[in-house]
Undergrad: 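Structure provided below as structure tokens; questions to follow.
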Amino acid sequence: MSDRYNVKETEARWQKAWEDSKCFEVTERADKPKYYTLAMFPYPSGKLHVGHMRNYTMSDIVARYKRARGYNVLNPMGWDAFGLPAENAAMENKTHPAKWTYANIAAMKQDLKLMGLAIDWSREIATCAPDYYKHEQKYFLDFLKAGLAYQKESFVNWDPIENTVLANEQVVDGRGWRSGALVERRKLKQWFLKITAFADDLLDGISQLGGWPEKVRLMQENWIGKSQGLKFTFEFTKPKGQRLEIYTTRPDTLFGASFVAISPDHPVAQKLSKNDMGVESFIEKCRKIGTSEAVIETAEKIGHDTGLTVNHPFIAGKTLRVFIANFVLMDYGTGAIFGCPAHDQRDLDFARKYGLDVIPVVIPPDKDGREFAIDMEAYTGPGRLYNSDFLNAMTIDEAKAEVIKRFEAAKTGQGTTLYRLRDWGVSRQRYWGCPIPIIHCQACGAVPVPEDQLPVTLPEDVTFDKPGNPVYNHPTWKQVKCPTCGKDAERETDTFDTFFESSWYQFRYCDPHNAKEGFAKDKVKHWAPVDQYIGGVEHAVMHLLYARFFTRALKKCGYLDFDEPFTALFTQGMVVHETYKGEDGKWLSPADIEKGHNGAYVKKGDNTPVTVGRIEKMSKSRKNVIGLEEVSVNFGIDAARLLILSDSPPERDVEWTEGGIEGAWKYVNRLWRLVTLADFNGKGGDTDAMKRKIHGTIDMMTQDLEKFHFNKGIARLRELSNALEDFSAAKGDGAVLREGCEALVRLMAPVMPHLAEELWAHLGHKEMVVNSSWPEADKDWIGSDTVTIAIQVNGKLRATIQLPKDLAASDAEKAALAETAVQKAMEGKAAKKVIVVPNRIINVVV
RNA sequence: GCCCCUGUGGUGAAAUGGUAGACGCGCUCGACUCAAAAUCGAGUACCGUAAGGUGUGUUGGUUCGAGUCCGACCAGGGGCACCA
């Protein structure tokens, strides 16, 4: 027998056996509990790389493990197939987005098949197929009827040279990525979904998501951003009677107000710009910046004095100047604020820049008024009010309540709950997306496409020789008759945000071939919600929040009877790799380079030097991708799975290195030799120790898998195989050795499924390991009778002793004080105190 | 700018507030070999001959005891509503 494992032949053979037996295809059944595990579906960007692989491997482990535990496991796969890259590819390569997308799907599916995943392929979906998106067109019409969808004007990034809308990603340093033109903010009428109607519900729901990482729950909570504050109006000094509505979360600091600022998009600013060139050019300057909050917030804070002033509501005769400021967002609150520089850093920076007053009104608990001053750092901590008339000596909370009370009593203001969350704009001025099923009629307005005319499909005869949505210029597609009045009308040419498709796909998998509706209620009732969702942390807020909203919206329309789509969530880290650049500054792929004479990398072919760059997320643009095929050919999928799972904790990034995959491959062979060369006729060895190791490993690895500690579980597996190797070499008892090998194989099955099948068959089993159950740990063989106790003197380790498990504290203390190393460290002094932590540690304090 | 996360040997990482470095990679030495690869065995945080001391990004605190909890800071990463 060869001492090398024939990985290529073996992996292909078992993949075929799984496929032939259709063991991963599932239907609803009453005799087994269901388990739905889902990996976030991929965008078909081109080739599958080991970064994708990590995501699907984790779902695969869960699927195989839960299967072994007796669950009826649903583990589906599909394609998030609409999106911008397809249109970019269409422009660059003179192809059609559909052609490019479907070719990528075919290539990536082939790679996925190489992975031998426990996927029910009969449920495969692609979101760009009309039989998928027609259902979401129906949902949109339902949302419209339910008052959850509406139109309003909102800003987009406008490229004035290409005359097209740009995505934030396509704006680089404030300029269009292709044209180089300075981007402008421009208003367009667009469709919105009323996610804010569920703001409180989405917030409350977070507390029930116990299976989600704390950090994701926190991020969602902050994103929704519920705040209690005050809405009130300032009176303009002139024209008399005109008022400006403000929202603030710090009404307590009103006596420290030194200016008022409004958004460049505020109606007051707009009105002023008509007669004031200065205002007009300032607003124009503010708009020469994209719509992205990150850009707006990091831009230099600038303001423009409007010359208007308002009266302070509580200080007679005091007026505040009104500025237009680029950092005030029209989307939040009322688009107008008052600035209290002493207690808000942004206001302070602004005040220092424009020479405005800084009036401290909250004093820290440990200071008094004479010594407390604000320089360049605002004070945002707790304290008591001063310089504040009737609020003096109150706490911040008391002062907030008092100010709100006074405004409410005077009927000039209102305590208000506000959310940072904004309604979801779903209109995209793009071709490669789901058409919004609306017809615009001069007479009737926005009219829903009649349901019997769904789906509204994309026209196929389009070209991408100029920027923008080609449907807009299509000769006939737009022109229709109004369904209501029959007159000439036009189709909506915008398509949905691609988050629309990914908000409900988890339900489509439950009933993927249903032509009548998106899913049958009873099928979703059976499988949903998803028991374990797995994907990148980059989706922590938007995708996951949209899907949570969509589920509630579907419930409101009668499609479902639950709120939360994902019971548990795991956010896995990325696969990262070194990046390389050639002499010409262009990215090079790892396949393009090799080690030169002096050990440094050179470009293959011409031996020109290569610069090694940062270690970054694998991405097509940086070329630092390792394709799946090359890995599977050289080392097999099991070795790749092993590396990806064992090298880092799953929530952290893992670096793909050549050395790592070779090491994993060696271990695959070592396991193969251990089991195939084992002699089950031995009579010797320490059978008790071996049995403890076997059952201890089963126990611990089971716990590790339950907790997603795959790296630790694999470390336990290695400990067991090390022990079995020693036991085997010592001609250990054959029955125990077999018991150990069988446990090892069943434990490795979720991690290295192909090798496990091969070894399981070698051990004489007729049934595949994929259909066998998870091993049970025998409680009698878990743990041991003695424990090692550490002894510290004043917190420093001085000795370790073996003691019987659960020994009385007084006996343990006696044994510890009797140790010579302990006595030496005590230097003859008496113990002041002895802390005994049973079975762990004893600390002697002298 | 705002929200969230991460930081431990040469390196990937372990460690319910209780023996820091499990399990690997690499390296060193040895066995096998004509030789190499593969495989097997021993060693491997740092300083020190040793006794011992020092060590978890920096810094301060809480505690009998801190990688772990709290405060301040530094560095890196993710997200910020039209990338997916």
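Chain letters run A, B, ... following the sequence lines, proteins first, then strands; residues in each count from 1.
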Undergrad: Regarding A/Asp331, tell me which of base, sugar-phosphate or nothing describes its non-hydrogen contacts under 4.0 Å with the strands shown.
TA: nothing
Undergrad: Output yes when A/Asp349 and A/Lys301 qualify as a salt bridge under the 4.0 Å nitrogen-oxygen rule, no when they do not.
TA: no
Undergrad: For B/G76, which nucleotide is its Watson-Crick or G-U wobble mate, given both distances must be under 3.5 Å?
TA: B/C5
Undergrad: For a quick check of understanding: with a heavy-atom distance under 4.0 Å over all strands, which category does A/Gly660 fall into, base, sugar-phosphate or nothing?
TA: nothing
Undergrad: Nearest whole angstrom, please: distance from the P of B/G12 to the NZ of A/Lys712.
TA: 18 Å
Undergrad: Under 4.0 angstrom, heavy atoms only, what part of the nucleic acid is A/Trp223 near: base, sugar-phosphate, or nothing?
TA: base
Undergrad: If you look at every strand shown and take non-hydrogen atoms under 4.0 Å, does A/Arg670 touch a base, only sugar-phosphate, or nothing?
TA: sugar-phosphate
Undergrad: How close or far is atom C1' of B/A14 from atom NZ of A/Lys707, stated in whole angstroms?
TA: 13 Å
Undergrad: Are any of the side-chain nitrogens in A/Arg716 or A/Asp704 under 4.0 Å away from the carboxylate oxygens of its partner?
TA: yes
Undergrad: Looking at B/C80, B/A14, B/G52, which one has an atom nearest to any side-chain atom of A/Lys824?
TA: B/G52
Undergrad: Base, sugar-phosphate alone, or nothing: which one does A/Thr298 contact when heavy atoms must sit under 4.0 Å apart?
TA: base
Undergrad: Nearest to the side chain of A/Asn168, heavy atoms from C-beta on, is which of B/A14, B/U19, B/C82?
TA: B/C82
Undergrad: Are the aromatic rings of A/Tyr43 and A/Phe82 close, with centres under 6.0 Å apart?
TA: no
Undergrad: Whole angstroms only, please: what is the CZ-P distance between A/Phe41 and B/A84?
TA: 12 Å
Undergrad: For B/G43, decide between syn and anti, treating a glycosidic angle within 90° of 0 as syn.
TA: anti
Undergrad: Need one value for A/Gly225: base, sugar-phosphate or nothing, where a base atom within 4.0 Å counts as base even if backbone is also close, heavy atoms only.
TA: nothing
Undergrad: When only distance counts, do a donor and an acceptor, one from the side chain of A/Asn843 and one from the base of B/C64, lie under 3.5 Å apart?
TA: yes
Undergrad: Taking only the side-chain nitrogens and oxygens of A/Arg652, find out if one of them lies under 4.0 Å from OP1 or OP2 of B/G7.
TA: yes
Undergrad: Round to a whole Å and report the spacing from CD1 of A/Ile661 to P of B/G24.
TA: 17 Å
Undergrad: What distance, rounded to whole Å, do you find between the two P atoms, one in B/G61 and one in B/G26?
TA: 43 Å
Undergrad: Would you say the base of B/C82 and the side-chain of A/Gln190 have a donor-acceptor pair closer than 3.5 Å?
TA: yes
Undergrad: Using the P atom on both, measure B/A66 against B/G60 and round to a whole Å.
TA: 14 Å
Undergrad: For A/Ser45, report the nucleic acid contact type (base, sugar-phosphate, nothing); a contact means any heavy atom under 4.0 Å.
TA: nothing
Undergrad: Counting side-chain heavy atoms from C-beta on, which of B/G12, B/U39, B/C83 comes nearest to A/Arg673?
TA: B/U39
Undergrad: From the set B/G41, B/A81, B/C4, return the single nucleotide nearest to any side-chain atom of A/Asp726.
TA: B/G41
Undergrad: Taking the P atom in each of B/C4 and B/G67, what is the distance between them to the nearest angstrom?
TA: 26 Å
Undergrad: Side chain of A/Asn722, heavy atoms from C-beta onward: which of B/A13, B/C64, B/G24 has the nearest atom to it?
TA: B/G24
Undergrad: Check whether the side chain of A/Arg716 and the base of B/C23 form a donor-acceptor pair under 3.5 Å.
TA: no
Undergrad: Please state the C1' separation for the pair B/C27 and B/G77 - nearest whole angstrom.
TA: 31 Å
Undergrad: Can you confirm whether more than 12 heavy atoms, excluding those of A/Lys353, are under 6.0 Å from its NZ atom?
TA: yes
Undergrad: Tell me the interatomic distance from A/Gln703, atom CD, to B/U16, atom C1', rounded to whole angstroms.
TA: 11 Å
Undergrad: Ignoring hydrogens, what is the shortest heavy-atom contact between A/Asp653 and A/Val576? Give both atom names and the distance.
TA: OD2-CG1, 4.1 Å
Undergrad: Categorize A/Lys796 for me: base, sugar-phosphate, or nothing, with a 4.0 angstrom heavy-atom threshold over every strand shown.
TA: sugar-phosphate
Undergrad: With RNA chain B as reference, determine whether A/Val845 or A/Val165 sits nearer its 5' end, using the nearest nucleotide of each.
TA: A/Val845
Undergrad: For the pair made of CH2 in A/Trp79 and P in B/A84, what is the distance, rounded to whole Å?
TA: 17 Å
Undergrad: What interatomic distance, in whole Å, is found between C1' of B/G65 and the corresponding atom of B/G17?
TA: 8 Å
Undergrad: Roughly how far apart, to the nearest Å, are B/G21 and B/U54 at atom C1'?
TA: 15 Å
Undergrad: Do A/Trp424 and A/Phe192 have their ring centres less than 6.0 Å from each other?
TA: no
Undergrad: Relative to the 5' end of RNA chain B, which residue comes earlier, A/Asn794 or A/Gly663, by the nucleotide with the nearest heavy atom?
TA: A/Gly663
Undergrad: Should A/Arg346 and A/Glu297 count as an ion pair when the cut-off is N to O under 4.0 Å?
TA: yes
Undergrad: Would you kindly give the CD-to-P distance between A/Glu538 and B/C83, to the nearest whole Å?
TA: 13 Å
Undergrad: Measure from the side-chain heavy atoms of A/Gln792 and tell me the nearest of B/G18, B/C4, B/A84.
TA: B/G18
Undergrad: Look at A/Arg798 and B/G65 and indicate whether a side-chain polar atom (N or O) is within less than 4.0 Å of OP1 or OP2.
TA: no
Undergrad: Is the gap between the ring centers of A/Phe350 and A/Phe327 under 6.0 Å?
TA: yes
Undergrad: For residues A/Asp265 and A/Arg185, determine if any side-chain heavy atom of one lies less than 4.5 Å from a side-chain heavy atom of the other.
TA: yes
Undergrad: Between B/G78, B/C82, B/A22, spot the one nearest the side chain of A/Glu719, thanks.
TA: B/A22
Undergrad: Roughly how many Å is it from CE in A/Met618 to C1' in B/A84, rounded to a whole number?
TA: 18 Å
Undergrad: Under 4.0 Å, counting only non-hydrogen atoms across every strand here, what does A/Ser427 touch: a base, just sugar-phosphate, or nothing?
TA: base
Undergrad: Nearest to the side chain of A/Lys666, heavy atoms from C-beta on, is which of B/C80, B/G26, B/C83?
TA: B/G26
Undergrad: Quiz question: going by heavy-atom distance under 3.5 Å, is there a donor-acceptor pair between the base of B/C82 and the side chain of A/Gln429?
TA: yes
Undergrad: Could you give the distance separating B/A14 and B/G48 at their P atoms, to the nearest angstrom?
TA: 31 Å
Undergrad: So what does A/Leu421 touch, heavy atoms closer than 4.0 Å: a base, only the sugar-phosphate, or nothing?
TA: base
Undergrad: Is A/Val654 touching bases, backbone alone, or none of the nucleic acid, heavy atoms closer than 4.0 Å?
TA: nothing
Undergrad: Remember a base hit wins even if backbone is also touched, and classify A/Ala540 as base, sugar-phosphate or nothing at under 4.0 Å, heavy atoms.
TA: nothing
Undergrad: A side-chain contact here means heavy atoms from C-beta on lying under 4.5 Å apart; do A/Glu706 and A/Gln703 qualify?
TA: no
Undergrad: Who is the Watson-Crick or G-U wobble partner of B/G43, with both distances under 3.5 Å?
TA: B/C27
Undergrad: Among B/C82, B/A84, B/A14, which nucleotide has an atom closest to any side-chain atom of A/Pro649?
TA: B/A14
Undergrad: Tell me what A/Lys832 touches on the nucleic acid: a base, only sugar-phosphate, or nothing, going by heavy atoms under 4.0 Å.
TA: nothing
Undergrad: Once you apply the 3.5 Å cut-off to both distances, tell me the Watson-Crick or G-U wobble partner of B/C69, or none.
TA: B/G61
Undergrad: Closest approach to the side chain of A/Met574, judged atom by atom: which nucleotide of B/C23, B/G77, B/G18 is it?
TA: B/G77
Undergrad: At 4.0 Å (heavy atoms only), tell me whether A/Val837 reaches a base, stays on the sugar-phosphate, or touches nothing.
TA: base
Undergrad: Sticking with atom C1', work out how far B/G79 lies from B/U62, rounded to a whole angstrom.
TA: 34 Å
